[in-house]
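Here the structure is laid out as structure tokens; the discussion comes afterwards.
Quick caveat, the model's predicted, so the values are computed rather than measured.
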There are 2 protein chains.
Amino acid sequence: MVSEALTAERVLEATEEVLRRYGPSKATVVDVARALGVSHGSVYRHFRTKAALREAVTQRWLDRTSELLTPVVDDSAPAEERLDRWLTRLFEAKRHKAGGDPELFATYSVLTGDMSAVVDRHIGDLVGQLARIIEDGRREGVFASDSVGFPTEAARAVFQATGRFHDPAYAAEWSRPGIDEDFAAVRTLVIRGLRA
Amino acid sequence: MVSEALTAERVLEATEEVLRRYGPSKATVVDVARALGVSHGSVYRHFRTKAALREAVTQRWLDRTSELLTPVVDDSAPAEERLDRWLTRLFEAKRHKAGGDPELFATYSVLTGDMSAVVDRHIGDLVGQLARIIEDGRREGVFASDSVGFPTEAARAVFQATGRFHDPAYAAEWSRPGIDEDFAAVRTLVIRGLRA
DNA sequence: CAGATGACAGATTTCAATATCTGTCAGTCC
DNA sequence: GGACTGACAGATATTGAAATCTGTCATCTG
């Protein structure tokens with residue numbers, strides 16, 4: 001064969017490129033096959049359905065954000081500072097993605113809308129990261145151990161309370177003037193709410 | 001004339017009925033006129049455009065919720081208790097509307113999507129109510145006066161942090177199991193965040 | 001024989017014609 | 001004469017026939 005072997009990874013890359021070019025409603029499996037120079041039957045060898053292909057490419061996209069945040073979780077700084085940095089970095093990352101390539105961001109927002117399982121897993125990852133920071137903070141004695149429930153419950157509450165600054169549904173608000181002040185106020189409120 | 005005079009109020013009532021029956025995409029000015037037994041030209045005598053008619057009917061709908069909450073603001077109970085009740089009642093009211101007549105709720109959710117001015121005014125009303133409670137709490141010494149900014153800023157933060165439990169975009173989540181625990185956790189977190 | 005192809009049936013989307021709606025206004029009717 | 005009508009132009013929505021897409025599979029190829 002002249003070109004490289006057709007792998008799932010190459011199919012995913014082509015899919016992302018096709019999605020970027022045509023958007024979620026017009027990107028077809030035939031387009032992906034065309035971009036790879038193969039027949040669409042070959043794409044179905046790697047992904048059973050179009051939905052499975054979209055799920056895989058979306059999961060990859062979401063996982064990139066989670067990985068961006070792990071350094072903050074594993075850091076050795078005080079928990080309160082890490083929580084602040086984690087929330088800020090999440091907001092920055094989302095805002096950067098949304099502002100840098102609005103069409104691709106909109107595309108993935110549409111995709112995630114049809115994929116509660118993939119999204120739930122991603123949210124689970126992020127809440128897990130938050131829970132680890134909160135657990136550390138309780139061990140340090142900086143965060144209250146009795147108030148908002150187990151670390152995972154507190155983490156869920158923090159995640160939900162800051163939703164306006166990471167949920168794609170609000171992406172349009174992220175470029176409004178005053179958004180930084182709003183974010184600072186919510187972040188402060190939430191962190192104060194965790195304190196001992 | 002045999003029937004009652006055609007008033008703006010009667011037009012609004014007919015519009016709500018037509019919206020309930022046909023939904024936001026199929027409800028036309030001609031339908032409203034038909035429901036009233038007049039020509040559509042008469043409807044234009046009371047509302048300059050279809051958009052103005054929809055704005056008026058949407059504002060009425062939103063104002064009904066605001067009015068439901070004023071008793072809690074004007075109550076003489078301690079501020080922290082009133083804040084708790086205000087948040088709970090807002091969530092209950094929204095959930096009740098969304099669950100009781102899902103189609104009409106979805107209809108109004110679509111309408112509000114095209115009406116930032118009306119929605120901003122409504123949010124301004126609600127944040128104003130919250131600010132009054134927070135101001136009282138600061139006067140009582142229960143809420144910190146130095147932390148999250150002026151009462152209006154703190155009120156905005158509280159409103160945004162609890163968005164998942166009043167923003168129609170999340171209506172689908174309000175019937176999920178565990179939502180009450182989630183709400184309790186966020187509510188507790190936020191109220192603790194305001195404390196002195 | 002593992003991997004790729006392309007013809008095929010049924011589902012979905014596109015597109016252009018046709019129908020309906022919005023907003024105006026000259027004219028009608030108490 | 002003030003409230004209402006209905007014909008009208010331009011904008012928007014609906015419809016159904018034609019084109020395209022999804023997913024399968026018998027066949028091909030190196």
Quiz prompt | Residues forming a ring-ring contact (aromatic ring centres under 6.0 Å, His included) with Tyr44(B), sequence neighbours excluded | solution = none

Quiz prompt | Contact list for DNA chain C against residues 37-56 of chain A - heavy-atom distance below 4.0 Å | solution = Val38(A), Ser39(A), His40(A), Gly41(A), Ser42(A), Arg45(A)

Quiz item: Between Lys94(A) and Asp167(A), does at least one N-O distance fall below 4.0 Å, as a salt bridge requires?
Solution: no

Quiz prompt | Distance (rounded to the nearest 0.5 Å) between Thr152(A) OG1 and Leu130(A) CG | solution = 10.5 Å

Exercise. Would you confirm whether Gln129(B), through its side chain, and Ser66(B), through its main-chain N or O, come within 3.5 Å as a donor-acceptor pair?
Key: yes

Exercise. Return the set of residues passing ring-ring contact (aromatic ring centres under 6.0 Å, His included) with Tyr108(A) (not counting sequence neighbours), or none when no residue passes.
Key: Trp61(A)

Exercise. Could I get the full list of side chain to side chain donor-acceptor pair (under 3.5 Å) partners for Glu13(B), not counting sequence neighbours?
Key: none

Exercise. With sequence neighbours excluded, tell me which residues meet ring-ring contact (aromatic ring centres under 6.0 Å, His included) with Phe159(A).
Key: His166(A)

Self-check item: Close approaches to DNA chain C from residues 17-26 of chain B, in residue order (heavy atom, under 4.0 Å)
Solution: none

Quiz item: Can we say Arg156(B) and Glu153(B) salt-bridge, meaning some charged N sits less than 4.0 Å from an Asp/Glu carboxylate O?
Solution: no

Exercise. Look at all strands and tell whether Val30(A) reaches a base, only sugar-phosphate, or nothing, counting heavy atoms closer than 4.0 Å.
Key: base

